Amino acid sequence: MGRNVVYSVCGMCTVRCPAAVDVEDGKVVSVFGNPHAAGLKGALCARGAAGPGLLYDDERPQTPLIRAGARGEGKWRAVSWDEALDYVAGKLGEIRAAHGPEALLFSDRGGPYMDLSRAFVRGFGSPNYCNHDTACARNVQHAALSVFGIGRKELVYDLKNARHVVLQSRNILEAINVKEVNDLLDARDAGCKLTVIDIRANMPAAKADHFFLIRPGTDYAFNLGVLHLIITEKLYDRAFVKEWVQDFETLKEFVQPYTPEFVERETGVSAQALKNFVHAFAKAAPHVIWHPGWMTARYDDSFYVSRTAYLINALMGAIGAKGGLPIGCKAGDVGRKGLKQLMELFPKPEKPRADGAGWAEGRTHFDGGPGLVNLAYEAIATGKPYPIRAYIAHRHDPLMAFPDQEAVKKLWEKLDLLVAVTFSWSDTAWNADVVLPMSTYLERESIVASKGGLKPQFFLRQRAVAPRFDTRADWEIYAGLAKRLGIEPLAVSRIEELWDLQLEGTGVTIADFAAKGFVELADKPTYKPVAFKTPSGKVEVLSAKLEKDGLQSLPPYVSPAKPPKDAFRIAFGRCGLHTQGHTVNNPLLFELMPENVLWINKTKAKALGIEHMDMVEVAPVAQGGTPGQLRAYVTEFIHPECVFTVHGFGHTLPVESRAKGRGVSDNELMPGGFGRWDKAGGAVSMQENFVTVRKVDA
Ligand SMILES: Nc1nc2c(c(=O)[nH]1)N[C@H]1C(S)=C(S)[C@@H](COP(=O)(O)OP(=O)(O)OC[C@H]3O[C@@H](n4cnc5c(=O)[nH]c(N)nc54)[C@H](O)[C@@H]3O)O[C@H]1N2
Ligand SMILES: Nc1nc2c(c(=O)[nH]1)N[C@H]1C(S)=C(S)[C@@H](COP(=O)(O)OP(=O)(O)OC[C@H]3O[C@@H](n4cnc5c(=O)[nH]c(N)nc54)[C@H](O)[C@@H]3O)O[C@H]1N2
Ligand code: SF4
Ligand SMILES: [Mo]
């Protein structure tokens, strides 16, 4: 069979870096960065390199499974694909006949392949396509929409050309996007300044010019103080503000009380240090990026932290600027035609979304595209505005992604059908009625994807090797269901049929991907002139949409609650070696990091009689949840009001022999946390929960 290189797209996390796979005699030798992709420098991150660990792991679902016992009991019947697809399509058909097509809820992880998911859901006739994002970046998305009228992903972080980057609640060196890491490190080498605002010294803090260890939950105060200084000291870009910023005077008045001294009292950052930093930052404008955050499902005011971050960027004239946040191009912006959307093959469903996003009272300001899946779960339980009886969780593990597993399971009780489409075991798959095992990304091809940015492109994932088990590609699974449900255009037998549909009229053919794995639609970067899609066409300080829903554009700052006596706020984040919860059982990554630890402040630990690497028990303050045991990581570089752990550990499934019983699941430390979500930003507020810590006797 010989040896060859196949262009693929990394599937080890949601970033989807361009990858190349070295294949010898039908076996994957290694996976590395697509050498043609600028910014990767030929490399992937550690998780990307560990792709073969997933492929050659036998501890993943190997055939379709239908539940034989009660939900979650772990009794399964291995079935053929025909039986599994007949079963799922049969149930979906019955549910559609009894309750209408809107009784189907579907959630996935968004990203470049969501067109297939959305097409299937629409083809079925349901408006209820959701993604995972209320546990991730919805606050940022809604912040971008409210300030600029465009989504967060339409703004590019031009890190390579930046002169000062501010990372606020953004661990860019461990919560990895390979190109971003390389671009930032290159910029640093060229003299770009770096400021980190965090509740602990994360990896970027070690490289920062300014590091502010702030009191957890006080970022909004910090940003209001920065706006105060920028405005009172006239450090803003006057021409940009004059041309583009609405209601600047209102903002000026609003930030008046938020002096550097106020910031010092709230955040613990000295007034002088704040001033020094703001002056240095303003000097580098407009080539500055104040990162609005990514995983921001943290606090009741995280949405406003992102809004103020965007406003700071705007006042600096960084929006649209080289080295700032230029507005990304789509195919049309560079004179080309974009991919045909498979979703557009179907009419818009008649019924409104069950989660109310975009239409219900108090929810008109939410992005109706992927909605708010947590509210859709509430609709399952209440039957309002209409019954939802089937749920397909595709590449989504809500039982690990949301606080309080028991609360989520309870909301799902009325489901007549719960299907998990996944390539590894997950809590959600374990609790499903049917598991449809997907081939790993190395064993499947995907629909053509497109990426906007300074140089928009189309890219293609090819199948590197044949599936090891009886698993299928996503397009094969949905084509199988489509055939049975009469969703004609998706009922294909060959992926080429979908590829051709997508590429129709673009001037690009599938053969064009052979050379590099992607096709660029422009020769050089294009910095588009700025334009905003708000009602006024400007940067809006005051959002009429928010206010129509009874929400404030500029709420006064409210100081976060102090932890109860002897308790801590629970904080969490990512590490460079794992992706959420789904790589802990990967043999290669497990070997590098088998469990998480609990960061705790040195002085606090001493008072509790805890020493570095002692075993401790961490328990929720609120009723419920599950206490867990892990080792203490005692350090002076974390704020004393919180403890921190890496998310994704504490697995319990018997089918994951390595991950089982190692470390603690942060989600289980948040009983009652599922219901605490932000009415303005839409995300769940996961860091509004408190825990106690005690040493476990040896
Ligand atoms: N307490 C707490 N909760 C959190 C977080 C936290 O830090 N703390 N982080 C939040 C964040 S940022 C996010 S994004 C969510 C993530 O949570 P999820 O959205 O659930 O994401 P993953 O764990 O990445 O993937 C979910 C499932 O999809 C499977 N999978 C992965 N890739 C593929 C694929 O290509 N195809 C298919 N079919 N299946 C695939 C995985 O094996 C896994 O079982 O969790 C959120 N929840
Ligand atoms: N290696 C790896 N990379 C990933 C992922 C992964 O699972 N693993 N997941 C991807 C996904 S889905 C996402 S959403 C992104 C997430 O990307 P990020 O949001 O950058 O990642 P996190 O590590 O969750 O959080 C960033 C930082 O927020 C800090 N923080 C916590 N509370 C506060 C606070 O109150 N104030 C401030 N200022 N800081 C605070 C944490 O200490 C942490 O350093 O990463 C992506 N990249
Ligand atoms: S950041 Fe790492 S794991 Fe994620 S897609 Fe890129 S190489 Fe793969
Ligand atoms: Mo995320």
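For ligands, and for the atoms within them, numbers begin at 1 and follow the listed sequence. None of these values were measured; they are calculated from a predicted model.
Each of the following atoms of ligand 1 lies closer than 4.0 Å to a heavy atom of S424: 41 (C), 42 (O), 44 (O). Atom numbering of ligand 1 starts at 1 in the shown order; those under 4.0 Å from a heavy atom of R444 are 34 (C), 35 (O), 36 (N). The contact set between ligand 1 and V421, taken as ligand atoms under 4.0 Å from a residue heavy atom, comprises 38 (N). Every atom of ligand 1 with a heavy atom of S426 under 4.0 Å away is listed here by number and element: 44 (O). Here is the list of ligand 1 atoms found below 4.0 Å of a heavy atom in M438: 36 (N), 37 (C), 38 (N). Counting the atoms of ligand 1 from 1 in the order shown, those under 4.0 Å from a heavy atom of M670 are 1 (N). Close contacts between ligand 1 and R16 involve ligand atoms 35 (O) [criterion: under 4.0 Å to a heavy atom].
Residues meeting the side chain to side chain contact (heavy atoms under 4.5 Å, CB included) test with A46, sequence neighbours left out: L577. Among residues two or more places apart in sequence or in another chain, the salt bridge (Lys or Arg N to Asp or Glu O under 4.0 Å) test is passed with D209 by R188. Every salt bridge (Lys or Arg N to Asp or Glu O under 4.0 Å) that R468 has, sequence neighbours left out, goes to D58.
Contact annotation: Y441 has no heavy atom less than 4.0 Å from any atom of ligand 1. Ligand 1 is never approached by R60 to a heavy-atom distance shorter than 4.0 Å.
A salt bridge does not link D108 with R395: none of the charged nitrogens is closer than 4.0 Å to a carboxylate oxygen. At a threshold of 4.0 Å, the pair R658-D57 counts as salt-bridged, since one of the basic side-chain nitrogens sits closer than that to a carboxylate oxygen. Look at R569 and E688 and you find a salt bridge, because one of the NZ, NE, NH1 or NH2 atoms lies within 4.0 Å of a carboxylate O, short of that distance. A salt bridge links E180 and R170; the closest N-O separation between the charged side-chain nitrogens and carboxylate oxygens is under 4.0 Å.
Here the CZ atom belonging to F211 is positioned 11.0 Å from the CG atom belonging to L194, to the nearest 0.5 angstrom. The distance from atom NE2 of H394 to atom CG of N131, rounded to the nearest 0.5 Å, is 12.0 Å. Considering CZ of F212 and CZ of F222, their distance stands at 5.0 Å, rounded to 0.5 Å.
Within 4.0 Å of ligand 2, protein heavy atoms belong to T14, R47, R109, C136, S169, R170, N171, E174, A175, I176, I197, D198, I199, R200, N202, P216, G217, D219, W294, M295, R298, Y299, G573, R574, C575, G576, H578, T579, Q580, F644, Q687, listed by chain and number.
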